[in-house]
Amino acid sequence: MMAKLFRAVIMGPPGSGKGTISERIAQSFGLKHLSSGDFLRENIAANTEAGVLAKTYIERGLMVPDHVMTRLLLPRLEEMTRHSWLMDGFPCTLTQAKALNSTCDLDLVISLNIPYETLKDRLSDRWIHPASGRVYNMGFNPPRVQGRDDLSGEPLIQHDNDQPEALVARLRHYKDVAKPVIDLYKSKGILHTFSGTETDKIWPYINSLLSTKIPSRPETDTQHIPLP
Ligand SMILES: Nc1ncnc2c1ncn2[C@H]1C[C@H](O)[C@@H](COP(=O)(O)OP(=O)(O)OP(=O)(O)O)O1
Ligand SMILES: Nc1nc2c(ncn2[C@@H]2O[C@H](COP(=O)(O)OP(=O)(O)O)[C@@H](O)[C@H]2O)c(=O)[nH]1
């Protein structure tokens, strides 16, 4: 049992490997992987009031407004008093970061810095199982059966906004909104940036950093657990 709970955030542009690396961290260190996208999808599927509202933005390829995100996520994080967690996809604006700040003290922020050409190649080949958010890449981690989710066997889809035409605008938007968030975490001394073109080469550095911060594996439950 770890003496202190560990709270971390992973940031990076679309396609930088946040989800992929989060899963590895969750498996290796027992942190719960919390994903803002998964949480939104669950609220949409459950037809909650916030889910219905969020859907109207997501369907148009827009970010969900800050006040909706914070109202949805912060109460859930406050409930996670007994768990160490890694948050993927939140905060992504300064307003969200300040709101998170007032709820908990983060121990560490991982920022992924991946070249544009790499993001473009990865995303044009990203396939998603919409119900679970499980992600595949035809070269890097292909499904066992082409076009089908490994666990459910259901069809995989591609998102229009993963295609190169939409990517430039998404990246520009990410850079604009993420910069003040990154500056905030840098000023707090908790930011760690990793650059490269291959997740398998970045991973050992993240692994060894976390090994110095999290001495033992805190929980036996290694599964990805979306927020309740
Ligand atoms: N922190 C957030 N603030 C506002 N909107 C968000 C946030 N996180 C997620 N969303 C919205 C916008 C996304 O289009 C949608 C799905 O999120 P997500 O599953 O993270 O997919 P994504 O494809 O946009 O991200 P990425 O490409 O970085 O994996 O939810
Ligand atoms: N070719 C390749 N694909 C990768 C690598 N790392 C992740 N991917 C794939 O790239 C896509 C984006 O990764 P993902 O983890 O979803 O990134 P996120 O958008 O930041 O959460 C997915 O299809 C991954 O399977 C890598 O090192 N090489």
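Just so you know, these numbers come straight off a predicted model, no measurement behind them.
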Is there a donor-acceptor pair under 3.5 Å between the side chain of [X] and the backbone N or O of [Y]?
| X | Y | result |
| --- | --- | --- |
| Asp107 | Arg7 | yes |
| Arg122 | Gly15 | yes |
| Lys18 | Asp88 | no |
| Tyr136 | Asp149 | no |
| Asn43 | Leu53 | no |
| Arg24 | Trp203 | no |
| Asp125 | Asn137 | no |

*With sequence neighbours excluded, what pairs up with Glu59 under the salt bridge (charged side-chain N to carboxylate O under 4.0 Å, His left out) test?*
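By the salt bridge (charged side-chain N to carboxylate O under 4.0 Å, His left out) rule, Glu59 matches Lys55.
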_Lys175: which residues meet the salt bridge (charged side-chain N to carboxylate O under 4.0 Å, His left out) condition with it, sequence neighbours left out?_
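Lys175 satisfies salt bridge (charged side-chain N to carboxylate O under 4.0 Å, His left out) with no residue once adjacent residues are dropped.
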Quick check on [X]: does its [atom1] atom have over 12 non-hydrogen neighbours (other residues, nucleotides or ligands) under 6.0 Å away?
| X | atom1 | result |
| --- | --- | --- |
| Gln146 | CD | no |
| Tyr205 | OH | no |
| Arg144 | CZ | no |
| Gln158 | CD | yes |

*Any cation-pi pair here, Arg41 with Phe39, using under 6.0 Å and within 45°?*
no
*Please check if any side-chain donor atom of Thr193 sits under 3.5 Å from a side-chain acceptor atom of Asn113, or the reverse.*
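Judged by distance alone, the side chains do not pair up.
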_Ion pair check, Asp176 and Arg172, cut-off under 4.0 Å_ = no
